[in-house]
Amino acid sequence: DEPINNSLPIHPRLCGIAMIHENKDAPLNEPGRWDFFISYRRPNVRGLGDAVKLHSTLTSLGKTVWMAESMVLVDAAATTEGVQNSGCVLAVATFDDDESFRHPFRFRELRSAREAGKFIQPVVRVEEAHCMEHFLRGAPRDLQFLEAVEWVDMNLWDVRSRSARVNQIIQATSNPNKPATQSIHDLQAARNFEGLVKLLCSRNVTGRTGSVEVLGSLAKTKFGFKRLIVDAGAVKPLVRLLSMGNNRCKKPAAATLTHLAHYHKNCVLIAQAGAVQPLVKLLISGNHGEKAQAVAALGHLAKYSNDDDNRVLIANAGAVKPLLRIMSDSNGWDAWMAAEALMILVEDKDDTRAAIVRAGVVETLVKVLGTENPFAKMEAALALGRLAAKNNDNRVLIANAGAVEPLVRLMTDS
């Protein structure tokens with residue numbers, strides 16, 4: 001009942017509430033219409049950080065953005081207004097959040113978007129692009145359609161790269177007639193996977209090459225297609241192309257298997273179809289591009305499989321020595337992938353780890369610590385740490401190989 005002291009600053013949210021009471025026709029938040037609505041898991045700190053970077057880039061490009069932290073009101077009515085009056089909804093996913101797409105706030109935002117016919121564009125960090133299954137695990141049935149969407153991965157820490165990807169989103173969503181997200185069954189009906197698989201088995205070299213490239217592109221861009229392609233019977237023909245196909249087919253066949261292996265259930269099927277041995281053969285005798293792609297395929301089969309047998313199979317197939325050779329001789333992306341594959345293999349059963357140590361992995365990992373490849377050095381350090389854990393013999397071996405000095409240097413210089 002006390003009179004208002006006009007000299008005191010009034011909180012923006014209170015100003016907003018006062019205006020709403022004065023004019024009930026006014027929008028809950030100004031300006032009332034936005035180009036983009038950013039949906040992220042609140043109060044997840046990492047999700048907020050990613051959302052802020054997206055907001056900053058979009059506004060610098062002249063776009064209006066609804067984001068909770070920049071609004072006066074953020075209750076259910078305000079959120080619904082934001083979704084319904086935005087051109088596109090950007091759904092930010094964060095791997096460290098088990099409820100990324102299962103929190104009630106996200107349910108409300110994404111369901112409102114779908115009911116309003118808004119296009120939903122999932123956005124994920126580039127280093128977490130393989131985690132789509134994790135994001136959608138446990139999501140309700142009516143949100144599973146997101147697995148059929150092309151997820152946009154971006155390097156949120158690099159301003160130039162982020163701006164380029166945001167521009168791509170703006171261009172892709174600028175069509176006012178762009179439909180709301182389709183169901184996986186609609187997408188399946190629009191793609192003839194069985195016909196593409198038949199081409200893989202044909203004698204037409206051009207048809208085989210074109211088919212494997214199209215399947216690889218589909219498997220890379222849409223998570224839901226990874227299962228559909230396997231269900232259409234693509235794995236065995238792709239494995240045959242690794243050893244029997246011409247040189248134009250081997251690299252794209254390995255690349256397609258790499259993309260398919262992002263889905264953990266596909267990993268076992270690919271290994272059971274006999275892919276490991278021809279991939280190891282490519283590691284040994286393939287050209288540079290084939291070797292790099294074989295490294296990636298084997299790394300994915302080891303990394304994303306829930307079955308330890310895959311890692312044992314890869315080690316027993318003779319993959320360790322060629323992986324060591326690639327890691328030692330190269331200073332590029334393939335060296336990083338080889339180091340990551342070995343890091344995954346050394347965490348397996350004791351007998352597999354011992355065999356890898358006997359193959360000379362410690363000396364090669366120490367050598368990689370002295371290169372200029374930061375990602376390979378990171379994986380090499382992780383692998384040495386896992387070899388040293390609970391094994392005194394390995395600790396002595398690592399110290400005698402000269403690992404201490406480069407590890408200390410890596411720790412202080414990073």
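Just so we're clear, the structure is a prediction, and the values are computed from it rather than from any experiment. Nothing fancy with the numbering, it's 1 onward along the sequence.
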Within the distance-only criterion (no hydrogens, no angle test), does the side chain of [X] pair as donor or acceptor with the backbone N or O of [Y] below 3.5 angstrom?
X      : Y      : result
Lys377 : Leu410 : no
Glu81  : Leu28  : yes
Lys251 : Gln293 : no
Glu290 : Asn287 : yes
Thr364 : Gly360 : yes
Lys226 : Ala219 : yes
Asn266 : Leu260 : yes
Thr64  : Asp35  : yes
Thr57  : Lys53  : yes

Please give me the minimum heavy-atom distance between [X] and [Y], naming the atom from each residue.
X      : Y      : answer
Phe193 : Ala232 : CB-CB, 3.8 Å
Ala302 : Arg311 : O-NH1, 2.5 Å
Arg125 : Asp50  : NH2-OD1, 2.9 Å
Leu283 : Ala319 : CD1-O, 4.2 Å
Tyr40  : Ala68  : OH-CB, 4.2 Å
His55  : Ser70  : NE2-OG, 3.9 Å

Answer whether the closest heavy-atom distance between the side chains of [X] and [Y] falls below 4.5 Å.
X      : Y      : value
Leu365 : Leu387 : yes
Thr79  : Phe37  : yes
Ile169 : Phe36  : yes
Lys63  : Thr59  : no
Leu58  : Leu90  : yes
Pro278 : Val239 : yes
Met71  : Trp34  : yes
Lys281 : Ser285 : yes

Lys236 atom NZ, over 12 foreign heavy atoms within 6.0 Å:
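Atom NZ in Lys236 is not crowded, with 12 or fewer foreign heavy atoms closer than 6.0 Å.
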Hey, what do you get for [atom1] ([X]) to [atom2] ([Y]), rounding to the nearest 0.5 Å?
X      : Y      : atom1 : atom2 : answer
His300 : Leu257 : NE2   : CG    : 11.5 Å
Asn310 : Lys303 : CG    : NZ    : 15.0 Å
Lys198 : Leu196 : NZ    : CG    : 11.0 Å
Leu241 : Thr209 : CG    : OG1   : 8.5 Å
Ile270 : Leu301 : CD1   : CG    : 5.5 Å
Leu269 : Gln272 : CG    : CD    : 6.0 Å

Test side chain to side chain contact (heavy atoms under 4.5 Å, CB included) on Arg208 and Val212; report intermediate values, then the result.
CA-CA 6 Å; Arg208 282 204 308 266; Val212 72; over 6 Å; no
Might you work through the side chain to side chain contact (heavy atoms under 4.5 Å, CB included) test for Met67 and Val52, ending with a clear yes or no?
CA-CA 8 Å; Met67 191 180 102; Val52 167; 3.8 Å; yes
Just to verify, which of Asp393, Asn392, Asn400 counts as forming a side-chain contact (heavy atoms from CB on, under 4.5 Å) with Val396?
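Testing Val396 for a side-chain contact (heavy atoms from CB on, under 4.5 Å) against Asp393, Asn392, Asn400 leaves exactly one candidate, Asn400.
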Show the numbers, then the answer: is there a side chain to side chain contact (heavy atoms under 4.5 Å, CB included) between Ile38 and Val123?
CA-CA 10 Å; Ile38 299 181; Val123 178; over 6 Å; no
As a quick check of understanding, evaluate side chain to side chain contact (heavy atoms under 4.5 Å, CB included) for Val361 and Leu323, giving each step before the final call.
CA-CA 9 Å; Val361 69; Leu323 284 172; over 6 Å; no
May I ask you to decide whether Glu405 forms a salt bridge with Arg409, counting only side-chain N to carboxylate O separations under 4.0 Å?
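Judged by the 4.0 Å cut-off on N to carboxylate O distance, Glu405 and Arg409 do form a salt bridge.
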Whether His259 and His262 hold their rings parallel, tilted or perpendicular, with breakpoints at 30° and 60°
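If you compare the ring of His259 with that of His262, the planes turn out tilted.
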